[in-house]
Amino acid sequence: AAAGSPWLLHPPAGAVAAAAGLGLMVGALKLFAANRGMLSNLLPTTAAFLVATVALAATHYGFIASSPLNVLLAALVTLLPGGALAVATMELAYGGMVSGAVRFVAGLLQLAFLILGMVMAASLVGVPPDRLLVQGAQTSLGPWAGWAGVVLFGFGHVLHYSARLR
């Protein structure tokens with residue numbers, strides 16, 4: 001999934017490779033933290049801190065030519081609570097105030113933990129804020145790159161969530 005999502009933003013090939021490598025690191029951390037109690041609770045902050053530290057240091061030293069946010073968001077995409085926030089919104093809309101509010105707060109806390117890890121890494125590495133949104137050269141892969149990214153993203157989710165192929 002981390003290898004497919006950066007293609008939608010058309011970053012350089014190095015950023016796609018970096019996002020895929022950092023996505024593998026997040027996947028390994030998720031496997032390690034599964035069924036380990038407190039470790040799984042700390043996973044969003046720990047993963048965001050480690051991924052952001054590597055991505056920001058690579059950008060700081062010139063290994064990644066594009067914005068490090070492209071690499072960060074692509075690598076952490078499986079930790080984003082989009083599904084929880086969507087279900088919470090539907091539950092709140094249909095009158096399930098308690099369950100909707102609990103899901104909504106849990107989703108917001110997960111986002112806060114991800115942001116906390118990234119902010120800690122940014123303060124550790126010392127990348128200036130104007131360097132965070134620098135756009136590198138666009139890839140010349142063409143308009144099909146976005147569709148290839150969607151296919152890779154979907155295939156990554158099939159592998160990640162062990163979905164049965166039909």
Side-chain angles (χ1 to χ4, degrees), residues 1-6 8-9 11 15-61 63-64 66-129 131-133 149 152-165:
S5 52
L8 299 172
L9 303 173
V16 173
L22 292 173
L24 282 173
M25 185 172 77
V26 170
L29 285 170
K30 286 179 88 169
L31 284 175
F32 179 73
N35 300 324
R36 286 204 165 85
M38 183 57 90
L39 221 57
S40 64
N41 292 338
L42 296 174
L43 178 69
T45 306
T46 305
F49 175 74
L50 292 174
V51 166
T53 301
V54 171
L56 292 172
T59 302
H60 185 67
Y61 293 111
F63 294 115
I64 297 175
S66 68
S67 171
L69 295 180
N70 293 341
V71 176
L72 280 174
L73 296 178
L76 296 171
V77 72
T78 59
L79 295 174
L80 293 175
L85 291 174
V87 170
T89 304
M90 288 189 308
E91 286 179 345
L92 288 170
Y94 289 115
M97 293 300 154
V98 174
S99 61
V102 168
R103 284 186 206 272
F104 192 73
V105 169
L108 289 179
L109 279 175
Q110 178 129 357
L111 282 176
F113 289 148
L114 288 169
I115 291 169
L116 175 68
M118 288 187 260
V119 168
M120 288 188 316
S123 65
L124 177 73
V125 175
V127 175
R131 184 78 175 114
L132 292 177
L133 297 175
L152 277 173
F153 183 80
F155 184 69
H157 274 282
V158 166
L159 289 177
H160 178 71
Y161 293 110
S162 301
R164 293 186 320 163
L165 297 175

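Below, each value reflects all heavy atoms present in this structure, side chains not excepted, and no hydrogens, waters or symmetry copies. Not measured: the values here are computed from a predicted model.
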Output all residues satisfying side-chain contact (heavy atoms from CB on, under 4.5 Å) with [X], sequence neighbours left out; order by chain, then residue number.
X: L116; value: T45, M120
X: M38; value: N41, L42
X: V87; value: M90, E91, R103
X: L50; value: M25, L29, T46

Taking all non-hydrogen atoms of both residues, which atom of [X] and which atom of [Y] are closest, and how far apart?
X: F49; Y: L124; result: CZ-CD2, 3.8 Å
X: S40; Y: A33; result: CB-O, 3.5 Å
X: A75; Y: A19; result: CB-O, 4.1 Å
X: P68; Y: T59; result: CB-OG1, 3.3 Å
X: A55; Y: V71; result: CB-CG1, 4.2 Å
X: A121; Y: T53; result: CB-OG1, 3.3 Å

Does anything in [range] pair up under salt bridge (Lys or Arg N to Asp or Glu O under 4.0 Å), and if so which pairs, sequence neighbours excluded?
range: residues 105-119; answer: none
range: residues 34-58; answer: none
range: residues 66-77; answer: none

Original post:
Hey, does the side chain of Q110 reach the backbone of L79 with a donor-acceptor pair shorter than 3.5 angstrom?
Top reply: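 Between the backbone of L79 and the side chain of Q110 there is a qualifying donor-acceptor contact (under 3.5 Å).
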Original post:
Atom CG in L22, atom CG in L76: separation rounded to 0.5 Å?
Top reply: 8.5 Å
Original post:
So do L80 and L111 actually touch side chain to side chain, heavy atoms under 4.5 Å?
Top reply: yes
**OP:** Please lay out, stage by stage, how F113 and L43 fare under the test side chain to side chain contact (heavy atoms under 4.5 Å, CB included).
**Re:** CA-CA 9 Å; F113 289 148; L43 178 69; over 6 Å; no
